[in-house]
Amino acid sequence: MTKHNNTTKPGGNGESIRTGMSEEAIRLAFLDNLFYVQGRFLEVASLDDKYKALAYTVRDRLLHRWVSTIRTYQQANPRTVCYLSAEYLPGPFMGLNLLNMGIEEPTRKALQSLGIDLESLIAYEQEPGLGNGGLGRLAACFMDSLATLQIPATSYGIRYEFGIFQQDIRNGEQVETTDNWLHYGNPWEVRRPQISYDVKIGGHTEHYTNEQGLHRVRWVPHETFRGVAIDTPILGHDVNTVNLMRLWRAEAAEALDFHAFNEGDYYGAVLREVRSETISKVLYPNDAPEIGKRLRLLQQHFFVTCSLQDMMRVHRTTGMPIERFHEKFTVQLNDTHPAIAVAELMRLLLDNHHLDWDTAWHVTRHTFAYTNHTLLPEALEKWPIPLFQSLLPRHLEIIYEINSRFLDEVRQRYPFDPDRAQRLSIIDETLPRHVRMAHLACIGSFAINGVAELHSQLLKETVLRDFYELWPEKFQNKTNGVTPRRFMLLSNPGLGSLLNETLGHGWETDLEQLRGLEAHADDPAFQERWRQVKRQRKEALAGEVHKLCGIDITPTSLYDVQVKRIHEYKRQHLNLLHIITLYNRIKRNPALDIVPRTFIFGGKSAPGYAMAKLIIRLINAVAEMVNRDRDVAGRLKVVFLPNFSVKLGQWVYPAADISQQISTAGKEASGTGNMKFSMNGALTIGTLDGANVEIREDVGAENFFLFGLDADAVSHTLANGYRPWDYYNANQELKDVIDLIASGFFAHGDRSLFQPLVDHLLQHDSYLLLADYADYIACQDQVSAAYRDPQRWTRMSILNVARIGKFSSDRTIAEYCRDIWKVQPVPVKLD
Ligand SMILES: *Cc1c(COP(=O)(O)O)cnc(C)c1O
């Protein structure tokens with residue numbers, strides 16, 4: 001009773017404490033949740049209790065907006081975006097929800113009045129690591145922008161029980177431990193046990209003729225389990241729109257297998273339940289040459305079928321006929337991970353709704369759009385036919401039928417080019433035969449897009465060239481973006497305040513307004529404040545570095561940062577070649593006057609990717625030698641931040657002076673880290689790769705440190721017998737660096753430890769480090785020269801922020817809405 005009374009008790013000015021936005025309402029709500037949800041009073045509450053009490057306080061207010069959103073959507077029956085992604089990296093929720101709801105200040109004060117520091121609760125939150133890196137983070141930025149732009153949208157995925165592994169560094173090596181993010185519970189999610197769907201696997205199909213003489217197919221699965229919805233509300237900025245992230249958790253079809261139970265097989269029944277749950281148990285790390293395949297394909301099918309069945313349930317409530325499914329929903333495939341959806345939607349339409357093939361195919365081809373994220377051939381998904389057959393026999397039949405009809409079309413189009421049908425086929429006929437998921441996605445989608453201009457262009461010229469020639473009208477570009485709410489306002493409050501003061505509010509949701517900064521780029525007083533903001537973030541990061549690594553770094557040094565997944569194409573080892581070059585220069589000439597630098601690395605390697613793990617070892621080995629060498633003290637420092645994540649990124653991006661975006665040209669589809677750095681006033685040293693090209697175009701070539709071969713030169717160099725030895729022999733500094741690594745200098749004299757890395761560089765160097773080395777070093781020397789001139793540097797920094805507007809994910813999403821999804825905003829009024 002007390003609870004109910006409290007709920008409606010006015011919180012100061014007649015507000016309900018469940019929904020009120022005043023300091024008083026929030027304070028009462030916090031105490032109420034602490035007492036009635038956590039069962040604690042203030043004096044004995046732990047940090048976890050306080051965090052949860054605040055999270056529930058925020059969640060109540062989210063749910064209020066969510067209900068209003070659902071009501072609005074029910075009345076308007078709007079066209080809806082469904083984003084299918086196997087990964088989401090949303091980052092911690094508390095800070096962003098407070099910010100988007102506009103109650104950061106009253107909340108801070110309410111807690112202060114109780115002797116609690118809001119920052120400590122925000123810092124306590126563990127983030128859901130349901131993604132590997134850029135692709136999952138992109139999906140999260142898109143959710144933020146969809147809600148902010150008031151677009152009806154649901155993001156579907158998998159609620160992994162264990163997300164991306166936690167990375168420890170022990171003796172300089174990456175050690176993986178499980179990410180038990182649900183251990184203390186997750187206050188942001190709402191379980192929906194009544195929203196659940198059957199998921200079939202294995203078995204066989206039966207073809208028969210029904211009473212009306214129509215051909216029908218029945219899939220008799222080997223096993224059935226269930227997917228249960230778990231929802232997380234996603235609030236837009238300064239609006240009432242709350243969209244859902246709906247993730248699926250696998251459960252046994254029935255809590256216990258009663259048949260087995262009746263036979264006395266109690267343990268067998270329980271074990272089956274445990275086995276079902278393994279489907280959503282763990283996220284697969286990517287970037288590995290090979291991964292455990294069976295479970296991965298099961299995961300894809302699992303979340304895709306639950307999501308499509310969920311859309312069909314919603315569609316039924318609209319009263320529209322199933323033939324118009326594609327008018328209600330537009331479904332974006334985030335890479336090929338959900339591409340099985342093409343066959344699954346066909347199956348549901350044919351076998352459950354009994355549509356004829358042509359109608360079902362019409363609906364399917366007007367439902368999906370596909371985003372490609374990679375040009376690396378080893379990353380294009382394909383599944384061995386026997387595996388596919390054993391798990392998804394009905395889907396394989398449907399894929400064969402789609403393929404056969406498609407290839408008829410191809411042969412008719414190109415009667416004198418039999419190879420073309422082979423190249424376009426969904427089935428890779430080279431033994432062992434495989435299903436090519438990118439081909440299924442292209443054939444089943446009405447739009448195909450890359451994620452930066454260069455990437456979209458290369459797609460048309462290389463991996464998807466035949467599809468482009470067939471259907472040029474399907475191809476588009478949608479250059480990625482990131483949300484300025486999380487990556488500017490939330491992680492860089494000092495910058496946020498300075499921008500508000502200078503430009504007024506509005507830039508947060510209309511990033512082009514940052515152009516107004518150009519007028520201040522040469523104003524000495526403004527420049528000084530700009531430097532103070534950066535200095536303050538550098539000090540804050542120094543504090544974190546000390547906490548995490550026990551290393552002291554100097555905020556007056558140039559922070560030179562590379563944080564991203566560790567991969568040979570991203571070339572963290574090229575960065576190392578530069579560090580060792582500087583080290584050698586100082587050792588040769590101890591009086592050398594150089595700009596003091598702190599090199600900061602962070603990023604995870606796929607557990608099975610030996611070369612990436614060796615690069616991590618070399619970074620830590622170089623750090624060990626450099627950091628304890630008194631000859632270079634005060635001039636060089638190297639830090640490897642363990643367990644890079646969104647949360648850690650929020651400390652890192654705003655503190656950087658230089659952002660390293662140095663991938664081999666043509667390999668990085670877009671990159672989004674590059675945008676986060678630039679938005680926070682870091683200057684970029686980078687190649688003409690991915691979105692770097694467009695960032696440089698917008699911020700101006702004179703405000704960007706460009707080096708290296710472009711994508712064309714890279715392919716020519718590799719095609720014309722590239723000889724890394726020639727570069728080694730021709731450049732004394734390069735030779736010294738490689739020789740030093742090979743000598744065992746960084747491995748306590750052990751010449752074998754880094755030999756695989758040295759051998760690869762000298763013999764193959766497939767990512768052209770040696771070819772780009774000299775230009776990279778010269779460019780880094782220019783960076784140092786520019787940094788010696790604070791006025792010049794600050795001007796460049798201001799202009800980077802002023803001209804970065806295009807890279808807001810709001811712009812990206814507006815383009816998807818206009819060119820692909822054809823959806824309109826549906827504003828939500830609060831009930
Ligand atoms: C932005 C982001 C990435 C992507 O970084 P790139 O530099 O584009 O590879 C990866 N991981 C996290 C945690 C991020 O926030």
Side-chain angles (χ1 to χ4, degrees), residues 375-378 454 458 461-462 562 566-589 599 609-612 614-615 617-619 621-622 660-668 685-690 692-693 705-747 750-784:
L375 296 160
L376 301 180
E378 68 269 25
L454 175 66
L458 291 173
E461 291 168 10
T462 61
Q562 189 174 22
I566 310 294
H567 203 294
E568 287 166 280
Y569 86 79
K570 292 178 183 274
R571 301 201 294 192
Q572 280 89 358
H573 44 343
L574 179 59
N575 187 346
L576 280 175
L577 297 185
H578 171 239
I579 297 171
I580 299 170
T581 302
L582 292 183
Y583 179 77
N584 286 348
R585 284 181 186 172
I586 299 174
K587 292 302 268 189
R588 286 237 152 78
N589 175 9
F599 293 92
Y609 186 175
M611 193 57 86
L614 197 56
I615 292 172
R617 285 200 83 165
L618 185 55
I619 295 169
V622 170
Q660 297 235 23
Q661 307 300 337
I662 61 177
S663 52
T664 314
K667 304 287 183 195
E668 186 77 88
I685 180 165
T687 48
L688 280 179
D689 202 14
N692 292 356
V693 178
F705 295 97
L706 176 72
F707 75 96
L709 301 174
D710 66 14
D712 274 348
V714 165
S715 14
H716 283 120
T717 306
L718 288 173
N720 298 325
Y722 171 52
R723 289 164 33 134
W725 271 104
D726 293 348
Y727 291 87
Y728 168 85
N729 286 321
N731 186 323
Q732 189 60 44
E733 275 199 317
L734 172 60
K735 187 167 184 304
D736 288 346
V737 168
I738 302 267
D739 290 350
L740 195 64
I741 300 171
S743 75
F745 180 82
F746 298 107
D750 177 0
R751 302 175 64 96
S752 66
L753 180 59
F754 296 115
Q755 195 181 338
L757 205 150
V758 171
D759 286 350
H760 188 266
L761 286 183
L762 289 177
Q763 282 155 33
H764 308 283
D765 192 21
S766 2
Y767 298 100
L768 300 185
L769 280 77
L770 302 204
D772 273 347
Y773 171 84
D775 201 21
Y776 178 55
I777 300 296
C779 192
Q780 280 285 22
D781 290 342
Q782 286 172 27
V783 169
S784 292

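- Pairing each heavy atom of A771 with each of D765, the nearest pair is N-OD2, 4.2 Å.
- Two residues are said to be in side-chain contact when any heavy atoms from C-beta on lie closer than 4.5 Å; L618 and L614 fail this criterion.
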Exercise for the section: Determine, stepwise, if the pair I662 / Q562 fulfils side-chain contact (heavy atoms from CB on, under 4.5 Å). Expected result: CA-CA 9 Å; I662 61 177; Q562 189 174 22; 3.6 Å; yes
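- Between the N692 side chain and the Q661 main chain, a donor and an acceptor come within less than 3.5 Å of each other.
- Put simply, the side chain of S663 reaches to within 4.5 Å of the side chain of T687, judged on heavy atoms.
- Residues D772 and T664 fail the side-chain proximity criterion, which asks for heavy atoms closer than 4.5 Å.
- The CG atom of L753 sits 12.0 Å away from atom CZ of F746, with the distance rounded to the nearest 0.5 Å.
- In this structure, CD1 in I580 is found 4.0 Å from CD1 in I741, a value given to the nearest 0.5 Å.
- F707 and Y776 have tilted rings, their planes meeting at an angle from 30° to 60° on a 0 to 90° scale.
- Using modelled atom types, no side-chain atom of Y773 and backbone atom of N731 make a donor-acceptor pair closer than 3.5 Å.
- H567 and Y609 have perpendicular rings, their planes meeting at more than 60° on a 0 to 90° scale where under 30° would count as parallel.
- Between Y728 and W725, the ring planes lie perpendicular to each other; the angle is over 60°, past the 30° to 60° tilted range.
- Here the CG-CG distance, from L574 to L770, works out to 9.0 Å after rounding to the nearest 0.5 Å.
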**OP:** Could you give me the CA-CA distance, side-chain angles and deciding distance for M611 and L757, then say whether side-chain contact (heavy atoms from CB on, under 4.5 Å) is met?
**Re:** CA-CA 7 Å; M611 193 57 86; L757 205 150; 4.1 Å; yes
Open item on the list: Under the criterion side-chain contact (heavy atoms from CB on, under 4.5 Å), I'd like the reasoning laid out for L582 against F599: C-alpha separation, chi angles, the key distance, then a yes or no.
Closed with: CA-CA 12 Å; L582 292 183; F599 293 92; 3.9 Å; yes
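- For the atom pair CG (N575) and NZ (K570), the distance works out to 13.5 Å, reported to the nearest 0.5 Å.
- Residues forming a salt bridge (Lys or Arg N to Asp or Glu O under 4.0 Å) with D781 (at least two apart in sequence, or on another chain): R585.
- With a 4.5 Å cut-off on side-chain heavy atoms, K667 and L375 do not count as touching.
- In terms of modelled atom types and a separation under 3.5 Å, the side chain of R571 and the main chain of L768 share a donor-acceptor contact.
- Between the CD atom of E568 and the CD1 atom of I615 there is a distance of 5.5 Å, given to the nearest 0.5 Å.
- For the pair A711 and A665, the tightest heavy-atom approach, listed with the atom from each and the gap, is N-CB, 3.4 Å.
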*Given the rule in the side-chain contact (heavy atoms from CB on, under 4.5 Å) test, do Q780 and T581 qualify, once you have shown the distances and angles that lead to the verdict?*
CA-CA 11 Å; Q780 280 285 22; T581 302; over 6 Å; no
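- Residue I619 holds its CD1 atom at 8.0 Å from CD1 of I579, rounded to the nearest 0.5 Å.
- Closest of all the heavy-atom pairs between R751 and A742 is CB-O, 3.7 Å.
- A distance-only check finds no donor-acceptor pair linking the side chain of D710 to the backbone of L688 [under 3.5 Å].
- Ring-plane geometry between Y569 and Y767 is classed as tilted, the angle between the planes lying from 30 to 60 degrees on a 0 to 90 degree scale.
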